[in-house]
Amino acid sequence: MASPSYARIYAVVRRIPRGRVATYGQVARLAGLSNAARQVGYALHALRGPTALPWHRVINSAGRISLSPAAGGLEQRFRLLAEGVVVGANGRVSLRRYQWRPARKRFP
DNA sequence: GCGGTGACGGTCG
DNA sequence: CCGACCGCCACCG
C-alpha cells in the first residue's frame, strides 16, 4: 500500500463481518474519506493476488457485484456463497439482508 | 504535466 | 429495471 488512504480502506474492509457485505461508498465513509468510493475500488484492485483481506464482501451501491466475472466476479460470488450470502445469477445481493451495519459510523 | 480511465454513486428519462 | 450522463479523483502511460 503506497498511501495512508489505502491503509484506512483496508482497515475498514478487514472489519466487515463474515456473511455480511458493505458498499464501496460505505467503506470510503467509514474510512473517513469523502467521495472516495472510486478509490476504494482502486485500492482493492491494487491487491491483486492472494490476500487475507475479505475483498469479496465489498459490492456496489446497487447491491450487485461490480467486478466482471472474468476479472474475479466469479470468485467473489463463490466466496460470498461460501459464507452464506445469497447471490443471484446476475450477481445480485440483497443489501436489505446482508449489508453490514456497524454500531458506530466513522471513527473519531 | 496532461488526458484517459475506472472493482463508484446519484440522478434523470 | 435499464442506460445515459455527470461529478469525483488517484493512477498510469
Side-chain angles (χ1 to χ4, degrees):
Chain A
M1 64 189 94
S3 76
S5 294
Y6 279 27
R8 286 160 164 260
I9 291 170
Y10 296 147
V12 172
V13 173
R14 221 173 346 252
R15 316 206 315 252
I16 305 175
R18 202 166 167 291
R20 308 312 286 294
V21 298
T23 69
Y24 294 92
Q26 181 183 7
V27 170
R29 277 178 284 118
L30 290 171
L33 303 173
S34 173
N35 300 324
R38 237 167 168 150
Q39 277 321 111
V40 173
Y42 212 97
L44 295 183
H45 187 256
L47 289 174
R48 274 186 278 208
T51 172
L53 220 70
W55 56 269
H56 57 282
R57 298 181 189 144
V58 185
I59 61 179
N60 63 31
S61 67
R64 314 185 68 238
I65 290 178
S66 207
L67 196 53
S68 72
L74 198 66
E75 186 186 352
Q76 179 168 22
R77 184 176 151 209
F78 200 66
R79 291 193 180 204
L80 286 174
L81 288 171
E83 39 184 74
V85 176
V86 177
V87 184
N90 45 12
R92 206 157 198 52
V93 174
S94 171
L95 286 176
R96 195 74 159 225
R97 301 198 327 174
Y98 301 108
Q99 182 167 41
W100 175 42
R101 291 177 176 77
R104 281 182 243 288
K105 284 212 157 184
R106 299 191 191 226
F107 58 76

Mind calculating the distance between [atom1] ([X]) and [atom2] ([N]) to the nearest angstrom?
X       : N      : atom1 : atom2 : value
A:His45 : C:dC12 : NE2   : C1'   : 12 Å
A:Arg8  : C:dC9  : CZ    : C1'   : 17 Å
A:Leu53 : B:dA7  : CG    : P     : 18 Å
A:Ile9  : C:dC9  : CD1   : P     : 14 Å
A:Tyr10 : B:dA7  : OH    : C1'   : 12 Å
A:Gln26 : B:dA7  : CD    : P     : 20 Å
A:Leu47 : C:dC11 : CG    : P     : 14 Å
A:Leu33 : C:dA10 : CG    : P     : 10 Å

Are any of [X]'s side-chain N or O atoms less than 4.0 Å away from OP1 or OP2 of [N]?
X       : N      : result
A:Arg92 : C:dC1  : yes
A:Tyr24 : C:dC8  : no
A:Ser5  : C:dA10 : no

Side chain of [X] only, please: which of [options] is the nearest?
X       : options              : answer
A:Ala37 : B:dA7, B:dG9, B:dG6  : B:dG9
A:Arg38 : B:dG9, C:dC8, C:dA10 : C:dC8
A:Trp55 : B:dG9, B:dA7, C:dA10 : B:dA7

Please check this pair: side chain of A:Glu83 against backbone of A:Arg57, looking for a donor-acceptor N/O pair closer than 3.5 Å. no
Between A:Asn60 and A:Gln39, whichever has its closest DNA chain B nucleotide further toward 5' is A:Gln39
So, for A:Ala28 and A:Ala37, which heavy atoms are closest and what is the spacing to 0.1 Å? CB-N, 3.9 Å
Cluster question for you: counting only ILVMFWY and a side-chain heavy-atom cut-off of under 4.5 Å, with indirect links fine, are A:Leu81 and A:Ile59 together? yes
Neighbour count >12 (heavy atoms, 6.0 Å) for atom CG, A:Leu74: no
Given the structure, check if the side chain of A:Tyr42 and the base of C:dA10 hold any donor-acceptor pair shorter than 3.5 Å. no
For C:dG7, the nucleotide meeting Watson-Crick or G-U wobble distances (both under 3.5 Å) is B:dC8
With DNA chain C as reference, determine whether A:Asn35 or A:Arg48 sits nearer its 5' end, using the nearest nucleotide of each. A:Asn35
Minimum side-chain heavy-atom gap A:Leu47-A:Leu44 below 4.5 Å: yes
